[in-house]
Amino acid sequence: MGSQYTNQDHMKRLVDYRDAREFHLRKDRAKRDKRISLQEAVSEYIQDGDIFAETGFSYVRSPIQAYLEMVRQKKKDLIAIGSPMSNTSYLMAFGVVKALHLSYIGVEMRGNDKNFARCIKSKQAELLSIWSHGSMALGFKAAQLGAPFIASKQLIGTDMIKKNPFVKVIDNPVSADNSQVALIPALFPDVCIIHAQKADRYGNAVIEGPAINDIALAAACRKVIITAERIVPEMTIRENSTGTIPFWYVDAVVDLPYGALPGSCPGHYYWHREWWEWLVRIGTPDLDALNDFFDYWVFSTKDQFDFIEKLGGARFINTARQQMEAAQANVDDSLVNFDYQEVIPKRD
Amino acid sequence: MSNVAPANPLEMIAYNLSNAIEDGQIVYVGTGLPMVGGILAKKTHAPNITLVYESGGQDPLEGDMPWSVGCPFTFRKSPMSMEMAISFGQCALGYVDIAFQGGAQIDMYGNVNTSVIGSYENLKSILPGSGGGNDIGSLTEKSVLVGLQTPDRFPEKVDFVTTPGYLDGGDTREKAGLLGGPSAVVTQCGVFDFEPVSKRMRIKRLNPGMTVEIAQACTGFELLVPENIEFVEPPSDEVLRILREVVDPRKVFTKFPPG
């Protein structure tokens with residue numbers, strides 16, 4: 001595993017529960033209005049060199065508009081972690097991420113992300129450790145539970161364990177079944193951005209649909225930014241007791257409707273499927289194509305509203321809203337058609 | 001004569017995957033053909049199965065083919081969603097009966113590589129990584145491996161063990177302290193299992209028209225061959241109709257040739 005861009009301090013900080021605890025002890029407890037703009041939040045709380053955790057499920061309730069703002073602000077030298085972490089691919093291409101703790105980068109069956117391979121092969125970014133989704137999820141969960149590690153049955157017997165300096169395999173010392181267990185340390189990234197359907201101005205946040213690792217990450221990370229689909233009155237969250245992230249974990253709240261586009265946001269909008277196929281099938285095969293792709297989608301847009309115009313404006317938003325409502329069985333299926341033209345690039 | 005076109009190789013894989021599922025089971029579904037197989041089973045011989053997904057969706061209402069394991073169709077009016085760590089925990093707890101796993105390489109002991117061709121130090125190509133594959137394959141009672149069978153993709157030993165099968169064969173998996181294990185492999189050639197003592201891959205049933213010689217030619221190691229070769233009963237016209245019209249009408253995962 002690489003050591004070109006990172007040093008042992010980064011590796012220690014990821015699993016240093018005392019350091020994370022000290023950081024949390026020093027955090028501002030005030031229940032105050034934490035709303036700031038996306039530009040301010042990214043500028044202030046994402047610092048070059050931070051260990052940065054991806055949230056959501058790559059293209060499901062992920063704060064993608066915030067990631068694009070990180071690219072615009074030319075953030076650099078971050079160390080990425082997350083399960084999954086498909087957005088880390090383009091963050092590597094633009095120098096935002098220099099090193100990563102890998103679980104999964106890809107868009108499932110939609111094609112190979114050739115940019116990921118290019119960044120690793122050219123040593124533009126380096127791999128620090130190799131994980132499965134579930135083992136990394138247990139590392140975040142251990143952090144949330146305040147447990148220094150969790151013993152599990154994952155990773156044992158594989159080559160991943162040889163590429164993971166954090167996980168130790170021992171014989172189970174507490175059970176009659178003394179077979180091997182993997183000790184997965186609590187993982188403490190420096191910062192994450194979480195896109196929540198609802199948050200109040202103080203940072204109490206509500207996640208609807210799959211939470212993936214985000215409740216654990218909000219507890220584990222030293223710094224937390226919430227981008228919210230809706231800023232709601234505090235009483236809305238109190239009435240239903242649906243909050244899963246408390247305000248004292250949260251450093252900044254950003255009012256960011258459509259912040260998960262071009263991914264999906266349960267309860268609000270379905271993803272733009274073609275965009276992901278454009279990205280992997282047209283954008284990633286070579287660097288020029290990726291630069292062109294980002295010139296169009298990121299460097300010539302300033303916010304999510306410019307981005308939406310390029311996706312098709314109000315018509316796209318209406319379709320995406322209807323599709324999510326139909327997929328969640330909130331409107332009659334017959335109102336919505338899920339047909340679409342798969343993106344198949346012409347081959348020479 | 002039936003005027004329904006026979007199953008293409010991907011449809012045969014989906015059909016064989018669906019037949020690996022028994023009615024009443026709780027099924028952990030991954031992306032691609034396993035999704036097709038799981039939904040086909042539910043719409044044919046196994047209406048009482050419960051589908052659970054890695055992104056957290058549990059027991060969704062039936063709907064359109066999910067585009068991804070994070071698609072809202074994987075949590076369509078599901079009574080609850082589970083956090084990722086907890087959703088995988090069910091496999092270890094014994095609440096999941098069967099799961100599926102694809103890979104770039106599958107070896108003679110059912111070890112799966114989804115990490116790297118070559119090595120991380122000497123890369124030929126880099127693959128997306130484990131995702132939930134290792135978790136499912138380490139913890140679930142039965143896992144069914146799925147892939148297109150070629151000598152490169154079915155080598156004697158995978159370049160990198162991402163998901164443990166029977167490791168070096170025999171009792172090495174059990175001794176390592178892993179739970180469950182692979183029960184079958186489904187490819188365009190047919191269905192394979194693992195010989196109980198050596199844990200080597202063995203022909204169980206070949207697809208119609210397939211021969212031992214063709215299956216062997218698609219494999220980078222020596223397949224174990226039973227004395228009497230059994231063949232998969234081809235899917236009925238009704239099953240093919242359900243697969244084509246109801247389960248994957250847009251041929252997201254069953255178009256052949258793909259792409």
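Here the structure is a predicted model, which is why all the values come from computation and not from measurement. All chains are named by letter (A, B, ...) in the order of the sequence lines, taking the proteins before the strands, and each is independently numbered beginning at 1.
- Closest heavy-atom contact between A/D159 and B/D159: OD2-O, 4.3 Å.
- Shown here for A/D339 and B/R250, the closest heavy-atom pair between the two residues is OD1-CD, 2.7 Å.
- Comparing B/L178, B/T114, B/I86 by how many heavy-atom pairs each has under 4.5 Å with chain A, the most go to B/L178.
- By the 30° and 60° cut-offs, the orientation of the rings of B/F73 relative to A/Y270 is perpendicular.
- For B/F253, the part lying under 4.5 angstrom from a heavy atom of chain A is the side chain only.
- There is no contact between A/E126 and chain B, counting heavy-atom distances below 4.5 Å.
- For A/E108 (side chain) and B/V69 (main-chain N/O), a donor-acceptor pair under 3.5 Å exists by modelled atom type.
- No more than 12 heavy atoms of other residues, nucleotides or ligands shown are found within 6.0 angstrom of NZ on B/K175.
- Proximity to chain B (any heavy atom under 4.5 Å) is shown, for A/D171, by neither the backbone nor the side chain.
- Using a 4.5 Å cut-off on side-chain heavy atoms (C-beta onward), A/I130 and B/Y120 make contact.
- Within the 4.5 angstrom heavy-atom criterion, atoms from both the backbone and the side chain of A/Y340 approach chain B.
- When the candidates B/G102, B/G129, B/S81, B/A92 are compared by the number of heavy-atom contacts under 4.5 Å with chain A, B/S81 comes out ahead.
- Both the backbone and the side chain of A/I212 come within less than 4.5 Å of a heavy atom of chain B.
- Contacts of A/K141 with chain B are made by side-chain atoms alone, with heavy-atom separations under 4.5 Å and no backbone atom involved.
- Ranked by non-hydrogen atom pairs under 4.5 Å with chain A, the options B/N111, B/I126, B/D168 are led by B/I126.
- Among the candidates A/G157, A/A211, A/S264, the residue making the largest number of heavy-atom pairs closer than 4.5 Å to chain B is A/G157.
- For a residue to count as touching a neighbouring chain, one of its non-hydrogen atoms must lie under 4.5 Å from one of that chain's; by this rule B/L123 touches chain A with backbone and side chain alike.
- Counting heavy-atom pairs under 4.5 Å between each of B/G89, B/C71, B/G133 and chain A puts B/C71 at the top.
- With rounding to the nearest 0.5 angstrom, the OH atom of A/Y104 is 9.0 Å from the CD atom of B/E54.
- Within the 4.5 angstrom heavy-atom criterion, atoms from both the backbone and the side chain of A/I156 approach chain B.
- A/T158 has its side chain within reach of B/P164: a pair of non-hydrogen atoms, C-beta onward, lies under 4.5 Å apart.
- Residues B/V252 and A/E342 form no side-chain contact, since every pair of their non-hydrogen atoms from C-beta on lies 4.5 Å or further apart.
- A side-chain hydrogen bond (donor to acceptor under 3.5 Å, both in side chains) check over residues 137-148 of chain B, counting only residues at least two apart or in different chains, returns the pairs B/N134-B/S138.
- With rounding to the nearest 0.5 angstrom, the OG atom of A/S132 is 10.0 Å from the CD1 atom of B/I136.
- By the neighbour-count criterion of 12 heavy atoms within 6.0 Å, atom CD of B/E195 is densely surrounded, having more than that number from other residues, nucleotides or ligands.
- Of the residues considered (B/G56, B/P249, B/G132), B/G132 shows the highest number of contacts with chain A, using heavy-atom pairs under 4.5 Å.
- Panel note: side chain B/R76, backbone A/A326; a donor-acceptor pair is recorded below 3.5 Å.
- Here the side chain of A/Q154 pairs no donor or acceptor atom with the backbone of B/D135 at under 3.5 angstrom.
- Side-chain contact between B/T162 and A/M160 is present, with heavy atoms from C-beta onward closer than 4.5 Å.
- Only the backbone of A/W131 has a heavy atom closer than 4.5 Å to any heavy atom of chain B.
- Neither the backbone nor the side chain of A/V181 comes within contact range of chain B; no heavy atom of the residue lies under 4.5 Å from a heavy atom of that chain.
- Other residues, nucleotides and ligands contribute more than 12 heavy atoms inside 6.0 Å of the CG atom of B/D59.
- In this structure, A/S135 OG and B/F88 CZ are separated by 9.0 Å, a value rounded to the nearest 0.5 Å.
- Each of A/S179, A/P266, A/G106, A/P210 has some count of heavy-atom pairs under 4.5 Å with chain B, and the biggest count is that of A/P210.
- Per-residue heavy-atom pair counts under 4.5 Å with chain B were compared for A/P84, A/G56, A/S83, and the maximum is reached by A/S83.
- Within 6.0 Å of CD in A/Q341 there are 12 or fewer heavy atoms belonging to other residues, nucleotides or ligands.
- The choice from A/Y59, A/W271, A/F116, A/F57 that makes the most heavy-atom pairs within less than 4.5 Å of chain B is A/W271.
- Between chain B and the residues A/R61, A/Q328, A/R273, the most heavy-atom pairs under 4.5 angstrom are made by A/R273.
- No other option in B/G70, B/S87, B/G57 has as many heavy-atom pairs under 4.5 Å with chain A as B/G70.
- Heavy atoms closer than 4.5 Å to chain B are found in both the backbone and the side chain of A/L155.
- Counting heavy-atom pairs closer than 4.5 Å to chain B, the top-ranked of the candidates A/G263, A/A329, A/A216, A/A117 is A/A329.
- With hydrogens and angles ignored, the 3.5 Å screen pairs a side-chain donor or acceptor of A/K121 with a backbone N or O of B/K124.
- With a 4.5 Å cut-off on non-hydrogen atoms, A/M136 does not touch chain B at all.
- Residue B/E83 holds its CD atom at 9.0 Å from CG of A/D214, rounded to the nearest 0.5 Å.
- Heavy atoms of B/E121 lying under 4.5 Å from chain A belong exclusively to its side chain.
- Remark: A/N112 CG to B/S125 OG distance equals 8.0 Å, nearest 0.5 Å.
- Proximity to chain B (any heavy atom under 4.5 Å) is shown, for A/K162, by neither the backbone nor the side chain.
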